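The structure displayed is predicted, hence computed values, not measured ones.
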Amino acid sequence: MQVKLRGLYRHRKKLADGTIRYYWTMRGVGPLKPLAGDELLPFGPGTPAFMRAYNEAIAAPARARVAGTFQEIITGYQKSAAWAKLGTRTKSDYSRAIVIIEKKWATAPLDVIEDPKIRRGLLDWRDDMATTSPRQADAIFAVLRIIIEWGRDRGILAHNHATRPKKVYRADRSEKLWLPPDIAAIREVAPPALLLAFELALGTGQRKADLLRLPWTAYDGKRLRFRQGKRKRLVDMPVTQALRRVLDAAPKKATTILSHKDLPWTINDKGQAIYFDHLWRKAVLAAGRDGLHFHDIRGTTCTQLAEAGATPSEIAAMLGWTVSTVNRMLDTYQAMTAKLSDSAVAKLEARA
């Protein structure tokens, strides 16, 4: 079956020797000619060489519009190895942010993105978004910074004028630690499947999404070894005696350590475990701990390790984090613990 190609016209020409030749032109482009390397191949509708020339003619105007604009960097980033390494949830979040970024900045010439004066424009744009959602504004701006940095790293840009902005949104969760009374309360009411999730989170400090996907093959009876989903970091950590007792006693009827009715928890394409979150919320309310999040367990684990004398580097190595992540966690959570203030005063008095 032949399909009529849009914008393509055939022209008939009779040569001096009486031979009839046909030529093709494309509206807005002109005559179609074989691409480099295809000159000796048959050239006419239906041949591979002709279709390559036709597709190139269609794509050329779009590439011309993109070249020299910020869209060139956005497109390049989404085709890069850095993009390919991102987790499914992260790609989904970044893609939504990129749609908004493209709407505002895609057609901006690269010399405009290079101009130091653009920083004020970038921040004003973010602040305008922040009037509706400060948290989302920060997230979108973070993706913009990553894209610009990718272009700078490859020499397309010389500067990144979106670096190190002060965030608009800052959640103060410094008092949101799972303290001993909170831990005892959730252990009292949580059903076995959720209690196992809590103990695994408390003993590892890992993200909920990684824990819900964690297979039994990652546990050898002494250590947990797996690769994190978001940053693809390899975690190889010993298991505490308390967590080992919990894991060894847990039923192994599913492929994953955490399960519900002997099946892995359902996680959608956005990385959300909606039913798990629903049941977890019910358990937290039953424990009388409204306001504490599952995510706060990570800060609790980090703080407990620091109070035990572990350095930020040791905590980072154990939990598969970066040292900067550890320091950020400690800055958020640790200052509110009474143990640190007690220790500080004891050291002061010992010196007197």
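Proximity of Leu200 to Leu247: side-chain heavy atoms (C-beta onward) are separated by under 4.5 Å at one or more points. In this structure, the side chains of Thr69 and Pro109 stay at 4.5 Å or more apart for every pair of heavy atoms. Contact annotation: the side chain of Arg298 approaches that of Met329 to within less than 4.5 Å [non-hydrogen atoms, C-beta and beyond]. Between Gln78 and Ile147 the shortest side-chain heavy-atom distance does not fall below 4.5 Å. With contacts defined as side-chain heavy-atom distances shorter than 4.5 Å, the pair Thr204/Val239 does not qualify. You'll find the side chain of Arg152 stays beyond 4.5 Å of the side chain of Ile156, heavy atoms only.
Atom NZ in Lys85 sits 14.0 Å away from atom OG1 in Thr90 (nearest 0.5 Å). Taken from CH2 in Trp265 to OG in Ser259, the straight-line distance is 8.0 Å, to the nearest 0.5 Å. Here Leu234 contributes atom CG and Arg225 contributes atom CZ; the two are 4.5 Å apart, rounded to the nearest 0.5 Å. Atom CD1 of residue Ile98 and atom CG of residue Leu144 lie 10.0 Å apart, to the nearest 0.5 angstrom. Annotation: the span from Leu292 atom CG to Leu179 atom CG amounts to 8.0 Å, rounded to 0.5 Å. One finds the CG atom of Leu157 at 3.5 Å from the CD1 atom of Ile73 (value rounded to the nearest 0.5 Å).
Across Lys166 and Arg126, no two heavy atoms sit closer than the pair O-NH1, 2.8 Å. Nearest heavy atoms, Ala201 versus Phe294: CB-CZ, 3.7 Å. The two atoms that bring Ile148 and His159 nearest to each other are CG2-O, 4.1 Å, heavy atoms only. The minimum heavy-atom distance between Ile113 and Ala108, with the atom names listed, is CD1-CB, 4.0 Å. Contact detail for Ala254 and Asp262: the closest heavy-atom pair is CB-O, 3.6 Å. For the residue pair Ala162 and Leu122, the shortest heavy atom distance occurs at CB-CD1, 4.1 Å.
Side-chain N or O atoms of Glu188 include none that pairs as donor or acceptor with a backbone N or O of Ala184 at under 3.5 Å. Remark: side-chain polar atoms of Asp115 are not paired, donor with acceptor, to backbone N or O of Ile118 under 3.5 angstrom. For Arg289 (side chain) and Ala287 (main-chain N/O), a donor-acceptor pair under 3.5 Å exists by modelled atom type. Remark: side-chain polar atoms of Thr131 are paired, donor with acceptor, to backbone N or O of Asp128 under 3.5 angstrom. When atom types are taken as modelled, the side chain of Glu199 and the backbone of Val246 share no donor-acceptor pair closer than 3.5 angstrom.
With no hydrogens or angles considered, a side-chain donor-acceptor pair links Thr325 and Thr322 at under 3.5 Å. For Thr240 and Arg244, the side-chain atoms include no donor-acceptor pair closer than 3.5 Å. When only modelled atom types and interatomic distance are considered, Asn160 and Glu149 share a side-chain donor-acceptor pair under 3.5 Å.
Note on Arg227 versus Asp210: no salt bridge recorded, every NZ/NE/NH1/NH2 to OD/OE distance being 4.0 Å or above.
Among residues at least two apart or in separate chains, there is no ring pair (Phe, Tyr, Trp, His ring centres under 6.0 Å) pair with a member in residues 202-254.
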Note to self: Please evaluate residues Lys91 and Trp83 with respect to the criterion side-chain contact (heavy atoms from CB on, under 4.5 Å), reporting the C-alpha separation (whole Å), side-chain torsions for both, the decisive distance (0.1 Å), and the verdict.
What the structure shows: CA-CA 8 Å; Lys91 283 182 181 177; Trp83 175 268; 3.9 Å; yes

Check: Between Glu72 and Leu110, does a side-chain contact (heavy atoms from CB on, under 4.5 Å) hold up when you go through it step by step?
Finding: CA-CA 9 Å; Glu72 178 183 355; Leu110 292 182; 4.0 Å; yes

Note to self: I'd like to know whether Asp290 forms a salt bridge (charged side-chain N to carboxylate O under 4.0 Å, His left out) with Arg281, so could you lay out the CA-CA distance, the side-chain angles of the two residues, the decisive distance to 0.1 Å, and finally the verdict.
What the structure shows: CA-CA 8 Å; Asp290 188 18; Arg281 174 67 175 162; 2.6 Å; yes

Item checked: Evaluation steps, side-chain contact (heavy atoms from CB on, under 4.5 Å), between Ile146 and Tyr77 -> CA-CA 9 Å; Ile146 290 170; Tyr77 174 68; 3.6 Å; yes

Next item on the list: Might you work through the side-chain hydrogen bond (donor to acceptor under 3.5 Å, both in side chains) test for Arg96 and Ser92, ending with a clear yes or no?
Entry: CA-CA 6 Å; Arg96 287 194 293 271; Ser92 176; 3.0 Å; yes

Next item on the list: Go through the steps for Asp182 and Ile186 under the test side-chain contact (heavy atoms from CB on, under 4.5 Å), then give the verdict.
Entry: CA-CA 6 Å; Asp182 306 315; Ile186 197 70; over 6 Å; no

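Linking Ile, Leu, Val, Met, Phe, Trp and Tyr whenever their side-chain heavy atoms come within less than 4.5 Å puts Met51 and Met26 in one cluster. Grouping the Ile, Leu, Val, Met, Phe, Trp and Tyr side chains by contacts below 4.5 angstrom, directly or via other members, places Ile101 with Val112. Neither Leu195 nor Leu202 shares a network with the other; the hydrophobic side chains, linked directly or stepwise wherever heavy atoms of I, L, V, M, F, W or Y lie under 4.5 Å apart, form separate groups for each. Ile267 and Leu263 fall into different hydrophobic clusters, where Ile, Leu, Val, Met, Phe, Trp and Tyr side chains are chained together by heavy-atom contacts under 4.5 Å. Residues Leu32 and Tyr22 share a single hydrophobic cluster, defined by chaining ILVMFWY side chains whose heavy atoms lie under 4.5 Å apart.
The 12-atom threshold is not exceeded at NZ of Lys117, counting heavy atoms of other residues, nucleotides or ligands nearer than 6.0 Å. Heavy atoms from other residues, nucleotides or ligands lying under 6.0 Å from NZ of Lys282 number 12 at most. For CD of Glu314, the number of neighbouring non-hydrogen atoms (other residues, nucleotides, ligands) closer than 6.0 Å is greater than 12. Within a 6.0 Å radius of NZ in Lys104, no more than 12 heavy atoms belonging to other residues, nucleotides or ligands are found. Heavy-atom neighbours of Arg135 CZ from other residues, nucleotides or ligands within 6.0 Å: at or below the threshold of 12. Other residues, nucleotides and ligands place more than 12 heavy atoms under 6.0 Å from the CD atom of Glu102.
Between His293 and His295, the distance from one ring center to the other does not fall under 6.0 angstrom. Trp105 has its ring centre no less than 6.0 Å from the ring centre of Phe70. Checked against the 6.0 Å centroid threshold, Tyr54 and Trp24 do not count as a close aromatic pair.
Using a 30° and 60° split on the angle between ring planes, Trp125 and Phe141 fall in the tilted class, from 30° to 60°. In this pair, Trp280 and Trp178 present their aromatic rings tilted. The plane angle is within the 30 to 60° band.
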Extract all donor-acceptor atom pairs below 3.5 Å that involve side chains of residues 12-19 and protein atoms in other chains or at least two apart in sequence.
{"residue": "Asp17", "atom": "OD1", "partner": "Thr19", "partner atom": "N", "Å": "2.9"}
{"residue": "Asp17", "atom": "OD1", "partner": "Thr19", "partner atom": "OG1", "Å": "2.9"}
{"residue": "Asp17", "atom": "OD2", "partner": "Thr19", "partner atom": "OG1", "Å": "3.3"}

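Residues that satisfy the ring-ring contact (aromatic ring centres under 6.0 Å, His included) test with Tyr275, not counting sequence neighbours, are His260.
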